[in-house]
2 protein chains.
Amino acid sequence: MAAKYRVIVDTLEKELIEGVYIETKKIPTEEELMSRFGVSRNTIRKAIEVLVSRGYLYQVQGSGIFVREAAFKGYVNLERLKGLTTDFPTNKIETKIIDFKLTHADKDLAQKMRCEEGSSVYFVNRLRMVDGKPFGVEYSYFNKAIVTYLNEEIIQKSIYDYIRYDLNLTIGFADRIIYADIISDKDAKILGLPKNSPALINDNIVFLNNGEVFDVSRTIHHYRNVKLLKLSNFRE
Amino acid sequence: MAAKYRVIVDTLEKELIEGVYIETKKIPTEEELMSRFGVSRNTIRKAIEVLVSRGYLYQVQGSGIFVREAAFKGYVNLERLKGLTTDFPTNKIETKIIDFKLTHADKDLAQKMRCEEGSSVYFVNRLRMVDGKPFGVEYSYFNKAIVTYLNEEIIQKSIYDYIRYDLNLTIGFADRIIYADIISDKDAKILGLPKNSPALINDNIVFLNNGEVFDVSRTIHHYRNVKLLKLSNFRE
DNA sequence: AAGTGGTCTAGACCACCGT
DNA sequence: CGGTGGTCTAGACCACTTC
């Protein structure tokens with residue numbers, strides 16, 4: 001049984017994406033939402049708070065709840081980490097597997113993954129494409145003690161969906177380091193870029209909700225095809 | 001009179017930075033915090049929620065509230081946008097003013113700033129240094145209708161502190177686009193980089209809490225001296 | 001003054017973790 | 001099982017915006 005506030009979040013998020021409140025740039029008041037969904041004020045406020053943190057809305061005391069018109073399209077939204085499929089719902093996503101094997105964690109990886117050196121890990125190297133354009137090269141390690149099984153069919157699709165819905169694990173949080181560098185010759189070739197092009201690089205350490213690391217990855221993004229969007233809130 | 005939960009946030013944040021909970025990697029239970037601060041459970045939960053969103057903590061149902069050990073040092077934390085002084089509390093921050101003038105918004109800027117074309121805007125071009133190393137070149141426009149006065153002395157220090165504490169405005173939220181590109185010859189010279197180096201670029205549109213845009217800026221970061229840190233939460 | 005969001009309380013029951 | 005966080009309610013009072 002899903003929590004009430006999550007149902008409200010999903011409902012309003014869908015309406016926001018559909019553009020229901022585009023004209024008024026304002027959504028109904030808390031009072032109106034309370035009677036629409038038949039819940040208490042705190043439950044409405046909890047739902048709104050989630051939508052604010054996702055960058056959809058902002059609240060003005062004494063005035064109302066407004067729609068935040070950010071240019072989402074074409075950007076990777078750092079607040080909604082559900083994979084390329086969610087960021088580009090209307091685009092064609094392709095995945096090419098470059099390498100896939102079971103291997104062992106070296107010292108550096110073991111430290112990042114908070115596991116023993118030599119532990120079994122899956123290595124996945126994929127090229128992601130959006131609308132036929134190279135998007136990024138991904139080098140990813142999964143802790144086999146947690147992600148017990150992977151195969152080519154699974155990694156061809158969404159690994160995260162598999163982890164969530166098939167392995168029934170709850171993804172908790174991630175540390176992401178974002179920087180630019182000169183691309184390696186190998187990655188330049190994969191992405192179809194000239195040598196010594198810039199690269200937008202993203203190093204991730206991804207945790208389950210209990211604090212265990214299950215994924216350590218690095219993505220080399222095509223610097224002309226990828227822009228990240230960060231929607232910040234200062235209020236808190 | 002500051003809100004109770006804000007006082008709790010400030011107190012716990014200070015303790016977390018001081019490393020009070022480093023050994024146990026765990027902070028007291030909600031019940032213990034309730035009696036320590038003499039507030040209701042919801043107030044404690046509100047405070048914890050803020051610290052979770054700032055990347056300090058994570059919660060595990062049935063188990064407790066844990067310290068998130070992220071490598072903060074040397075990174076610009078995207079969750080805590082209070083300027084370089086906060087991200088590098090122990091480092092020496094320098095600011096060199098390259099250009100400063102009152103000018104008018106062109107069409108592109110007016111669109112981003114949601115103001116009339118030709119409106120008065122302050123233009124500020126600064127080089128920021130951390131520990132003597134070039135950090136980034138900042139090109140910033142402030143809407144004069146909101147930020148009514150600026151001078152060299154103010155922009156030499158923290159413009160944001162001035163806006164907050166002297167002009168008494170409340171900063172609300174920001175849209176930040178992050179990408180990589182080939183640096184311009186001009187910026188390369190300023191940052192002391194070879195021609196055609198990569199650059200980590202950050203375009204910002206910053207809003208007051210009532211939704212008005214007061215700042216539109218672009219920062220060209222030194223690609224070897226700057227890394228951004230994004231602490232994501234999947235739970236919501 | 002009326003409307004709307006911001007803060008806070010007290011209490012209830014559920015879900016999950018560990019012993 | 002007890003401990004701990006997750007969800008939800010009903011109601012109060014305050015702060016700010018708008019008219």
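Letters go in sequence order (proteins before strands), and every chain restarts at 1.
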Please state how far atom CD1 in A/I8 lies from atom C1' in D/dT7, giving the value in whole angstrom units. 12 Å
Rounded distance in Å - CD (B/E212) to P (D/dT17): 11 Å
Rounded to whole Å, please give me the gap between CG in B/N210 and P in D/dA15. 20 Å
Counting only side-chain nitrogens and oxygens, does A/Q59 get under 4.0 Å of the OP1 or OP2 atom of C/dG6? yes
Calculate the interatomic distance between B/L57 atom CG and D/dG6 atom P; express it in whole Å. 12 Å
Does a side-chain N or O of B/K26 approach OP1 or OP2 of D/dT4 to a distance below 4.0 Å, or not? no
Checking contacts here: which listed nucleotide (C/dC16, D/dA10, D/dT7) is nearest the side-chain heavy atoms of B/Q61? C/dC16
B/F37 has an atom CZ; how far is it from atom C1' of C/dT9, in whole Å? 18 Å
About how many Å separate CZ of B/F37 and OG1 of B/T43, when rounded to the nearest 0.5 Å? 11.5 Å
Would you say C/dT7 has OP1 or OP2 under 4.0 Å from some side-chain N or O of B/R6? yes
OH-CZ distance between A/Y141 and A/R218, expressed to the nearest 0.5 angstrom: 9.5 Å
Charged tip of B/K25 within 45° of B/F66 ring normal and under 6.0 Å: no
Taking only the side-chain nitrogens and oxygens of A/T43, find out if one of them lies under 4.0 Å from OP1 or OP2 of D/dT9. yes
Where the side chain of A/E30 is concerned, which of C/dG5, D/dT7, D/dT17 is the nearest nucleotide? C/dG5
Within 45 degrees of the ring normal and closer than 6.0 Å to the centroid, is that where the cationic atom of B/K46 sits relative to B/Y5? yes
Measuring from the side chain of B/A3 (C-beta onward, heavy atoms only), which nucleotide among D/dC8, C/dC8, C/dG5 has the closest atom? C/dC8
Please check the phosphate of D/dG6 (OP1 and OP2 only) for any side-chain N or O of A/K46 closer than 4.0 Å. no
CD of B/E49 versus C1' of D/dT7: gap in Å, rounded? 13 Å
Of the listed nucleotides D/dC8, D/dG5, C/dG18, the one nearest the side chain of B/S63: C/dG18
Considering only heavy atoms and no angle criterion, is a donor-acceptor pair shorter than 3.5 Å present between the side chain of B/R41 and the base of D/dG6? yes
The side-chain hydrogen bond (donor to acceptor under 3.5 Å, both in side chains) partner of B/T95 among B/R128, B/R126, B/K157 is B/R128
A/Y5 OH to D/dG6 P, straight-line distance once rounded to whole Å: 9 Å
Should A/R176 and B/S232 count as side-chain neighbours, where that means a heavy-atom distance under 4.5 Å? yes
Give the nucleotide from the list C/dC8, D/dT4, C/dA10 with an atom nearest to the side chain of A/N42. C/dC8
Residue whose closest nucleotide on DNA chain D lies nearer the 5' end, B/I65 versus A/G38: B/I65
Is the distance from OP1 or OP2 of D/dG6 to the nearest side-chain N or O of B/R45 less than 4.0 Å? yes
Nearest whole angstrom, please: distance from the P of C/dG5 to the CZ of A/F66. 9 Å
